[in-house]
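Below is one structure; the comments refer to it alone.
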Amino acid sequence: MDSKYAVFGQTSEVKANNFKRKKQLVNMPVKKIKLSNDTIIKSELKYQKPQGTKDSNFIKINGGDLFEERRKLPVYMVKGRLMEEIINNNTMILIGETGSGKTTQIPQLIHEQHLEGTCTIAITQPRRVAAITVAMRVAAETNSEIGTIVGYSVRFEDVTSPITKVKYLTDGMLLREAIIDPLLKKYSFIILDEAHERTISTDVLFGIVKLAQKERHQKKLHPLKIIIMSATMDVDAFSKYFENCPVIYLEGRTHPVTIYHSKLKQEDYQYAAVCTIFQLHATTPANHDFLVFLTGQEEIESVMHNIKQISKEAKGPPMRVCPLYAGLPPAKQLQVWREPPAGVRKVVLATNIAEASLTIPRIKCVIDTGVVKQRTWCTSTGAERLSVRACAQAACWQRAGRAGRTAPGAAYRLYTAQQFNERPAHTTPEIVRCPLAPTMLLLIAAGMEPSTFPLIDAPPQDAIQASLVLLKELGAIDSDVTPKLTVLGKKMSAFPVDPKYSKVLLSAPEYGCLEEALSLVAVLSSENIFHTPMHKREEAVKVKQKFLSPLGDHITLLNVFNAYSKAPLKKQWCKENYLNNKNLSHACDIRRQLLSICQRFNMTISSCGSATDQLLKCLLSGLYTNCAWLRVAAASGGAGPGAMGRYATASGAPAALHPAGALHALRPPPPAVLYTELLHTRRSYMVTVSAIQPQWLQQVAPEYARRCRANR
DNA sequence: GAGCACTGC
């Protein structure tokens with residue numbers, strides 16, 4: 001009886017024979033917790049029963065070949081009532097768990113009844129793979145060829161045609177369309193799916209569709225129907241935002257997951273994770289695969305090393321340990337999908353990528369450290385910080401749910417029930433914690449007024465102000481009080497890159513270096529092109545030397561990109577040079593896209609050849625707010641150890657050259673530098689840096705240089 | 001002389 005693990009079921013006991021709106025059941029205590037106290041495993045970690053877990057107040061709808069499969073989906077079983085609600089309401093919120101079929105079925109049901117009229121139904125997704133695969137699925141279900149009735153539109157790929165009625169697209173793609181037509185007149189239905197993820201694009205789209213619906217009504221244009229689809233979430237704020245629109249709940253088809261909490265607080269979650277893995281390993285059947293949530297590459301590599309050491313002597317079946325994080329080359333990610341031989345247990349060590357982006361089959365057991373690595377941004381210095389912090393309750397549930405995809409499962413939380421209850425219910429939306437200049441430029445370009453634009457969660461006022469000041473500085477808007485787009489700003493908004501980079505591109509013809517600027521901006525806009533595995537670090541650093549430029553990291557990046565473009569066998573070449581083929585190939589796609597926009601603007605496409613000064617000046621024309629100067633004490637050499645690389649940014653904040661950068665070893669250190677980003681870890685480091693001549697700033701941005709001098 | 005989670009246009 002004295003169990004070290006106390007158990008409580010997560011499954012709802014509630015059954016409802018029809019769906020109802022939340023308003024009608026506010027006082028109903030609906031979610032019951034099933035308790036039992038089986039002793040599961042012998043444990044050094046102590047687990048206890050949680051105190052009063054949060055009830056969610058909702059009721060669910062219950063409800064061979066593709067058609068047969070469709071008919072079994074919960075959403076299909078209640079389609080009559082559902083369509084009635086869709087017809088009667090211009091806006092509604094639909095809460096549906098995984099497996100309810102909402103994403104694939106609702107657009108089809110609308111189309112089957114021709115409710116879209118002569119217009120199209122748009123369904124947004126936060127991820128491109130999701131948009132593509134769901135569209136393919138729906139095309140198969142409707143027995144049509146993809147790109148005809150059912151299509152998709154994602155960056156670099158538009159598989160739609162004039163007859164497309166059901167169009168899946170990424171949220172960012174619909175946002176781009178809104179710049180051209182803020183009323184989104186092409187569409188009679190807009191379905192914003194996965195709304196609980198609260199991406200910046202979806203958050204902005206909430207406001208865009210709300211205003212478009214209102215204005216279309218006022219102008220007596222055809223009406224716009226809005227459906228917000230989401231997993232379980234706090235709907236009150238959403239319903240209020242959309243003028244108290246109805247909320248409908250759909251039941252999902254997932255399996256129950258039993259939750260275990262740690263009885264004591266864990267000092268070291270990595271250690272706790274390793275302990276839990278081996279406790280479970282000794283007591284559960286080998287065909288139960290584990291999924292462990294960790295925060296990053298380094299942590300995964302270190303835990304993997306520990307597991308491999310311990311497993312040599314541990315009790316239990318053989319183990320296959322698979323790392324999984326976004327930076328892992330695709331070939332190595334494949335291990336995760338391969339079924340292990342009979343009698344071998346698979347243990348997947350994953351970052352957040354396994355929380356929503358990827359679904360790993362056959363996971364029976366989730367081990368949740370309860371932490372996540374998050375990027376935050378400081379308005380005053382412009383520095384970014386990566387920090388490990390406790391994730392929100394919603395994320396914990398999402399992680400636990402990964403154990404119940406194909407069969408009942410279990411989730412072991414390496415934090416106490418009290419710690420869980422103290423966590424915020426939801427992740428802070430992205431829009432509240434990110435640099436806003438790109439979003440503000442987009443909003444203004446779509447004809448919106450930043451100060452009155454309706455957002456569910458407004459970012460801090462100083463963050464908005466800082467972004468408007470930057471846009472004014474770059475010449476994209478005429479005023480940071482009542483911002484109107486300038487001619488330059490209009491062009492800038494056409495490029496799907498950070499406004500600083502679009503400014504670089506638009507200045508490039510002036511410096512005769514558009515060829516180089518395109519390549520550089522493309523590389524800077526994609527992920528890290530260097531691949532550095534921990535155990536081969538020295539080799540990787542050595543190979544990098546041949547691309548290194550004494551002028552700095554930007555020219556180094558350009559050297560790599562140019563060499564990649566010329567390499568005949570790119571995959572092989574990348575492997576030999578410790579480079580990331582996926583990210584370099586992505587950079588090539590971006591370059592092509594940027595080039596076509598430049599051609600549309602009739603820009604002169606010229607090359608500066610070996611006159612790299614021109615390119616750096618051009619880069620400065622967009623990034624001139626990212627300059628740093630060597631401090632006098634450091635320059636005179638008398639400041640003792642560590643003085644090298646002591647710089648001050650324009651805001652006066654201290655910053656150092658990142659040791660992995662090309663300029664770090666340079667003696668004497670350059671008096672002035674241009675950095676791409678400021679990253680705060682142990683100290684404030686400038687990442688991706690080039691040396692500049694101090695007088696360039698006067699030439700490129702004279703007014704700013706004057707203000708800078710006055711402040712320094 | 002350090003170490004980048006995840007998406008998206």
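Chain letters run A, B, ... following the sequence lines, proteins first and then strands; every chain starts at 1. Just so it is clear, the values below take in all heavy atoms, side chains as well, and ignore hydrogens, waters and symmetry mates.
- If you check every strand for non-hydrogen atoms under 4.0 Å, A:Glu355 touches nothing.
- One interatomic measurement links the two molecules: CZ of A:Arg537 to P of B:dG1, which rounds to 15 Å at whole-angstrom precision.
- Of the residues near DNA chain B, A:Tyr685 and A:Arg128, the one whose nearest nucleotide (by heavy atom distance) lies more toward the 5' end is A:Tyr685.
- Among B:dG1, B:dC6, B:dA2, the nucleotide with an atom closest to any side-chain atom of A:His664 is B:dG1.
- Rounded to an integer number of Å, the gap from CG of A:Asp498 to P of B:dG8 is 18 Å.
- By the 4.0 Å N-to-carboxylate-O rule, A:Arg375 lies close enough to A:Glu677 to be salt-bridged with it.
- When the side-chain nitrogen and oxygen atoms of A:Ser201 are compared with OP1 and OP2 of B:dC9, none of them lie within a distance under 4.0 Å.
- Atom P of nucleotide B:dT7 and atom CG of A:Asn583 are separated by 11 Å, given to the nearest angstrom.
- Look at CZ on A:Arg176: it is 20 Å from P on B:dT7, rounded to the nearest Å.
- Distance A:Ile300 CD1 to B:dA5 P: 8 Å, rounded to the nearest Å.
- Note: NE2 (A:His586) to P (B:dT7) measures 11 Å, nearest angstrom.
- In the set B:dC4, B:dT7, B:dC9, the nucleotide with an atom closest to the side chain of A:Glu430 is B:dT7.
- Heavy atoms of A:Glu677 sit under 4.0 angstrom from at least one base atom.
- Contact annotation: side chain of A:Glu527 to base of B:dC6, donor-acceptor pair absent below 3.5 Å.
- Each of A:Gln374 and A:Pro496 lies near DNA chain B, and the nucleotide nearest A:Gln374 is the one positioned closer to the 5' end.
- Nucleic acid contact class of A:Phe495 (heavy atoms, under 4.0 Å, all strands): none.
- Considering only the side chain of A:Met173, B:dC9 comes nearest among B:dC4, B:dC9, B:dA5.
- Distance from the side chain of A:Lys373 is smallest to B:dA5 among B:dA5, B:dG8, B:dG1.
- Within 4.0 Å (heavy atoms only), A:Thr199 reaches no atom of the nucleic acid at all.
- For the side chain to side chain contact (heavy atoms under 4.5 Å, CB included) test, residues two or more places apart in sequence or in another chain that qualify with A:Gln270 are A:Asp268, A:Glu299, A:Ser302, A:Val303.
- Ion pairing between a basic and an acidic side chain is recognised when a charged N comes within 4.0 Å of a carboxylate O; A:Glu197 and A:Arg127 show such pairing.
- Nearest to the side-chain atoms of A:Arg155 among the listed nucleotides B:dT7, B:dC4, B:dC9 stands B:dC9.
- The distance between atom CZ of A:Arg591 and atom P of B:dC9, rounded to the nearest whole Å, is 20 Å.
- Classified by interplanar angle (parallel below 30°, tilted 30° to 60°, perpendicular above 60°), the ring pair A:Phe206/A:Phe238 is perpendicular.
- In this structure A:Pro654 satisfies the side chain to side chain contact (heavy atoms under 4.5 Å, CB included) test together with A:Arg631, sequence neighbours excluded.
- The side chain of A:Val154 approaches B:dC9 more closely than any other nucleotide in the set B:dC6, B:dG1, B:dC9.
- Spacing between atom CG of A:Leu442 and atom P of B:dG8 amounts to 17 Å, rounded to whole angstrom units.
- Taking the side chain of A:Arg127 as heavy atoms from C-beta on, and the options B:dA5, B:dT7, B:dC9, the nearest nucleotide is B:dT7.
- The two residues A:Ala178 and A:Ile208 have their closest heavy-atom pair at CB-CG2, 4.0 Å.
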